[in-house]
Amino acid sequence: MATKSSSEIIRDGLWTNNPALVQVLGLCPLLAVTSTVVNAIGLGVATLMVLMGSNLAVSLIRNFVSESVRLPAFVMIIASFVTCAELLMQAFTYELYQILGIFIPLIVTNCSILGRADAFASKNAPGPALLDGAMMGVGFLAVLIVLGGMRELIGQGSLFVDMNLLLGPGAADWVIRPFENYPNMLFMMLPPGAFIGLGVLIALKNGIDNHLKERRKASEPTPVAAGNKRVRVTGNVS
């Protein structure tokens, strides 16, 4: 496997191979809990921690685990980090942990985490593996926050509701309500609204990619077809 440069790993995680928009993995919790920004941040940070920890641990043991027990060992490592994240949330953000419910333990089954452990961390050194986990986690977290903000704004007409559940009492008044007497749109708060929101984000990313590709193609010099021009050479060429 060719080793990727740091810039390629960063670009892959944040944009080119984003786990939510391109790989389309981990959709179950993504669609279920992104009804508000605070829920999205809670799940996204927990997933980021597990991705970084599991990628690093898998890379460290990659030369000591036989092929036959490779996947069970990876699952045990991921489950250990999920338990750590779960206990930390119970200790510091218990109310948010109760709201997220079963979706925190279900991070163990997130295909993007096991996929990165098997496809990248098990074949690369700890440094690149940790960077890959961080960038994939940040890319996933960014999509969660954008989708959560979109659904909260359209569904409730507000942003940053209940941020005190994550950041303490000082963030209780962070809520923004741009519209007065906004009629709530229950549809966007339900899973069908999440499907539509994610579809819009995927379409937007594909549109940006196509636009950039057309711009690169237009800026490239037009190649001259061989054989269309004759060059006459007279005299001696030394």
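Note that the coordinates shown come from a computational prediction; the quantities given were computed from them, not determined experimentally.
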Please list, one pair per line, the donor and acceptor atoms closer than 3.5 Å that link side chains of residues 168-196 to other protein atoms, with sequence neighbours excluded.
{"unit_1": "Tyr182", "atom_1": "OH", "unit_2": "Ile154", "atom_2": "O", "d": "2.5"}

**OP:** In sequence, state the C-alpha distance, the side-chain angles, and the governing distance for Val24 and Leu21, and then conclude on side-chain contact (heavy atoms from CB on, under 4.5 Å).
**Re:** CA-CA 5 Å; Val24 198; Leu21 298 181; over 6 Å; no
Original post:
Taking atom OG1 of Thr16 and atom CD1 of Ile10, what is their separation to the nearest 0.5 Å?
Top reply: 11.5 Å
**OP:** Give a yes or no on whether a salt bridge exists between Lys213 and Asp209, defined as a side-chain N under 4.0 angstrom from a carboxylate O.
**Re:** no
Original post:
Between the side chains of Ser35 and Arg151, is a donor N or O closer than 3.5 angstrom to an acceptor N or O?
Top reply: no
Can you give me every donor-acceptor pair (side chain of residues 79-88, partner residue at least two apart or in another chain, under 3.5 Å) with its distance?
{"unit_1": "Ser80", "atom_1": "OG", "unit_2": "Met76", "atom_2": "O", "d": "2.9"}
{"unit_1": "Thr83", "atom_1": "OG1", "unit_2": "Ala79", "atom_2": "O", "d": "2.8"}
{"unit_1": "Glu86", "atom_1": "OE2", "unit_2": "Tyr97", "atom_2": "OH", "d": "2.8"}

Original post:
Could you give the distance from CG (Leu31) to CG (Leu147), rounded to the nearest 0.5 Å?
Top reply: 7.0 Å
Original post:
Got a sec, which residues hit side-chain hydrogen bond (donor to acceptor under 3.5 Å, both in side chains) with Gln98, two or more places apart in sequence or on another chain?
Top reply: Tyr94
What donor-acceptor contacts under 3.5 angstrom involve side-chain atoms of residues 133-140, with partners at least two apart or in another chain?
none

**OP:** Hey, could you give me the CZ/CD distance between Arg215 and Glu220, rounded to the nearest 0.5 Å?
**Re:** 13.0 Å
Original post:
Are the side chain of Asp132 and the backbone N or O of Pro128 linked by a donor-acceptor pair below 3.5 Å?
Top reply: no
Original post:
Do Thr93 and Leu165 pass the side-chain contact (heavy atoms from CB on, under 4.5 Å) test, and can you show the C-alpha distance, the side-chain angles, and the key distance before you say yes or no?
Top reply: CA-CA 6 Å; Thr93 59; Leu165 299 180; over 6 Å; no
Original post:
Are any side-chain N or O atoms of Lys123 and backbone N or O atoms of Asp118, one a donor and one an acceptor, separated by less than 3.5 Å?
Top reply: yes
Subject >> Check: Asn55 main-chain N/O paired with Ser59 side-chain donor or acceptor under 3.5 Å >> reply: no
Original post:
With sequence neighbours left out, what residues match Thr36 under side-chain contact (heavy atoms from CB on, under 4.5 Å)?
Top reply: Val38, Asn39, Glu152, Gln156
**OP:** Please identify each residue that fulfils side-chain contact (heavy atoms from CB on, under 4.5 Å) with Asn206, with sequence neighbours left out.
**Re:** Ile202
